Amino acid sequence: MKLNFSWLLLPIMSLGCATTSHSVPLPTHDYCADVPILDRQPLSKHLIPYAEQLKGKSGVYVLEQGTEAMMSRAWLTERAEKTIDIQYFIFSVDNIGLIATDYLVRAAERGVQVRVLVDDIMLEASGDELVTLTSHENIHIKVYNPNANVGKNIAQKLVTLVTDFHGLNQRMHNKIFLVDNKVAITGGRNIADEYFGFDHTYNFRDRDVLLAGEVIDSMSRSFEEYWNHEIAVSVEELIESGKDQKEPNFTPLHQYACDPENFHPEIRNEIEQVPHTFDKLIKEGKLHFVDDVEYLADQPGKNDQTTFLGGGSVTKDRLVELANQAKKSIIIQTPYLVTTKEDRKFLTALVNKGIDIRILTNSLASNDNLEAFSGYQRDRKALLATGVDIYEFRPNAKIRQRVMNEQMYKRLPSTPIFGLHSKTMTIDNDITVIGTYNLDPRSANLNTESITIIPSKGITKDVREGMLAEMEPENAWRVTKDFNPDDQVTLTKQLRVKVRRVVPKNIL
């Protein structure tokens, strides 16, 4: 999911976080008594066997499947010893969000220092819920650019909406999940059901990467830079009631997470098997130890308002550098594809050099953001004229059977729609980039973004093959000057896209 024009109405529709009801019901049964208490080794002990391999290198494993991405986060949280630092655009209060919050609270109860930095615009938790969490001495929450949601009343929201375009659009799209400054996960996934294959109606095809070793230092520095920046404001400063904190009661949250209807025992058991899975992955050559892995993030407050759109994207500049290094091919996955004249001129120059460029993006049928699709639709023919090959993701792509949570897939009466959310690029057979950057003006000029650059032939081979498979006819439509699949949706949805042409492309 990304920002779209409709989210501008969110500050108006919500009368303020503090008035929202609690998300977790009171417990009616002690479900936690049924969950076995296990003696777990700390993360540092699990890393000892890989100490030599990590010297001067980074451990890298690409998290393709939603369940493994969720289980990796859960397993790391349970074994954290000192710190957990989290940075997300979306941290929902749906099933996955509540269970993730419970894991963080339990870590804090063990003495782990938990810091959470979340963007303001899509924050769902109520003010009372945020205050309850921060009332624990080991939990600290900051909100990035709190100008539309947390701590504001309806009048303040209206003023921001009308008078502060730049402020409202300075969003933090970065994603980091960092444990003990030793192991991290970054990539496209936010914390919500649909990013891990648990939503009943609509899920995302997404991609993360698990990292350890040398690259962790740059990720840690980036988190500290954001955490300490003036644009990141603590919950206590934003919410008046946060200044008079009381002893928190996390029993309802714990009971919710222990309830087998919310958190299946089969998944709990699989989480415990994560170390064995990684041992197997190493033997199969799927967990790589790589030189010169690079994590790069835009500066906080990237849109400094010195020009209309701000800009100042170090991630975009680095992606351009990498594209210019290509000798044969560039493969791209981007859920939102809104190009400018300058973008198309750049792509034309690459194609004229003999570079084969293929891009997979969402079709109208798989898209969750009609504003962004409208921007893409307006210039689709011009983009094809550059010589790039364009593929549009099918909502019933066969690949969804591989990436969706198996337990959820078996339990649902019908299979959910899938949309593309991964932001990935491969350069020749040599380099893979996984991050948060969409190929659109918003990522270039407004949102802060992050990317991980992995110079590995082995990883690139696997990722590239997977991306090409997702362009096959059972997973995507190939678009030409004479064909696009827009008519695969209802006339109503087609008209809804046309109406959104009033939105300027340079803010999509």
Side-chain angles (χ1 to χ4, degrees), residues 7 10-27 32 77 80 83-157 160 171-172 176-177 190-192 223 226-258 262:
W7 62 258
L10 288 175
I12 298 174
M13 293 187 292
S14 170
L15 295 181
C17 285
T19 63
T20 307
S21 61
H22 285 277
S23 304
V24 186
L26 293 173
C32 293
T77 304
T83 60
I84 301 174
D85 294 327
I86 296 175
Q87 182 178 5
Y88 278 102
F89 176 54
I90 298 173
F91 200 123
S92 291
V93 290
D94 58 10
N95 190 55
I96 285 289
L98 291 173
I99 291 170
T101 301
D102 181 68
Y103 267 78
L104 295 175
V105 169
R106 289 185 181 276
E109 291 173 341
R110 298 197 315 268
V112 176
Q113 292 293 316
V114 177
R115 294 186 293 178
V116 179
L117 176 60
V118 64
D119 191 84
D120 175 56
I121 198 73
M122 302 287 282
L123 185 57
E124 295 178 356
S126 73
D128 289 346
E129 289 165 338
L130 293 172
V131 167
T132 297
L133 288 169
T134 57
S135 62
H136 193 291
E137 62 179 357
N138 293 332
I139 299 177
H140 315 279
I141 302 176
K142 287 188 176 183
V143 180
Y144 184 90
N145 194 18
N147 60 3
N149 194 353
V150 177
K152 284 184 175 283
N153 59 39
I154 184 66
Q156 292 170 318
K157 293 176 184 181
T160 299
R171 308 284 31 124
M172 180 191 72
I176 286 180
F177 188 96
N190 292 292
I191 304 299
F223 180 86
Y226 273 81
W227 183 262
N228 293 314
H229 196 277
E230 63 182 6
I231 205 168
V233 185
S234 68
V235 166
E236 291 87 349
E237 292 180 61
L238 292 170
I239 301 172
E240 190 67 26
S241 59
K243 298 175 183 178
D244 185 25
Q245 298 179 7
K246 299 177 182 179
E247 188 69 24
N249 177 19
F250 295 115
T251 300
L253 180 65
H254 292 332
Q255 291 297 335
Y256 179 93
C258 290
N262 302 323

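In this text the structure is predicted, and so the values were computed from the model without any measurement.
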[X] to [Y] - nearest heavy-atom pair and separation:
X: Leu130; Y: Val235; result: CB-CG1, 4.0 Å
X: Ile96; Y: Ala192; result: CB-C, 4.0 Å
X: Leu253; Y: Leu98; result: CD1-O, 3.5 Å
X: Ala100; Y: Phe91; result: CB-CZ, 4.0 Å
X: Thr134; Y: Val131; result: OG1-O, 3.1 Å

#### Entry: side chain to side chain donor-acceptor pair (under 3.5 Å) partners of Asn138, counting only residues at least two apart
Gln113

### Message
Please list all pairs meeting salt bridge (Lys or Arg N to Asp or Glu O under 4.0 Å) that have one or both residues in residues 94-104, counting only residues at least two apart or in different chains.
### Response
Asp102-Arg106

### Task
If a pair satisfies salt bridge (Lys or Arg N to Asp or Glu O under 4.0 Å) and one of its residues is in residues 132-147, list it, with sequence neighbours excluded.
none

How long is the gap from [atom1] on [X] to [atom2] on [Y], to the nearest 0.5 Å?
X: Thr77; Y: Ile86; atom1: OG1; atom2: CD1; value: 6.5 Å
X: Leu117; Y: Phe89; atom1: CG; atom2: CZ; value: 12.5 Å
X: Ile84; Y: Tyr103; atom1: CD1; atom2: OH; value: 11.5 Å

### Message
Going by the rule ring pair (Phe, Tyr, Trp, His ring centres under 6.0 Å), which residues pair with Phe223 if we only count those two or more places apart in sequence or in a different chain?
### Response
Trp227

So [Y] and [X], do their side chains get closer than 4.5 Å, heavy atoms only?
X: Met172; Y: Asn145; answer: no
X: Ile139; Y: Leu104; answer: no
X: Phe250; Y: Leu133; answer: yes

### Query
side chain to side chain donor-acceptor pair (under 3.5 Å): which pairs involve residues 84-93, sequence neighbours left out?
Arg73-Tyr88, Asp85-Arg115

### Task
Please name all residues satisfying side chain to side chain contact (heavy atoms under 4.5 Å, CB included) with Asn228, sequence neighbours left out, ordered by chain then number.
Glu224

## Note on the structure
Contacts of Arg110 meeting side chain to side chain contact (heavy atoms under 4.5 Å, CB included) (sequence neighbours excluded), chain-then-number -> Ala80, Ala107, Val112

### Query
Ignoring hydrogens and geometry, is there a side-chain-to-backbone donor-acceptor pair from Asp119 to Arg171 under 3.5 Å?
no

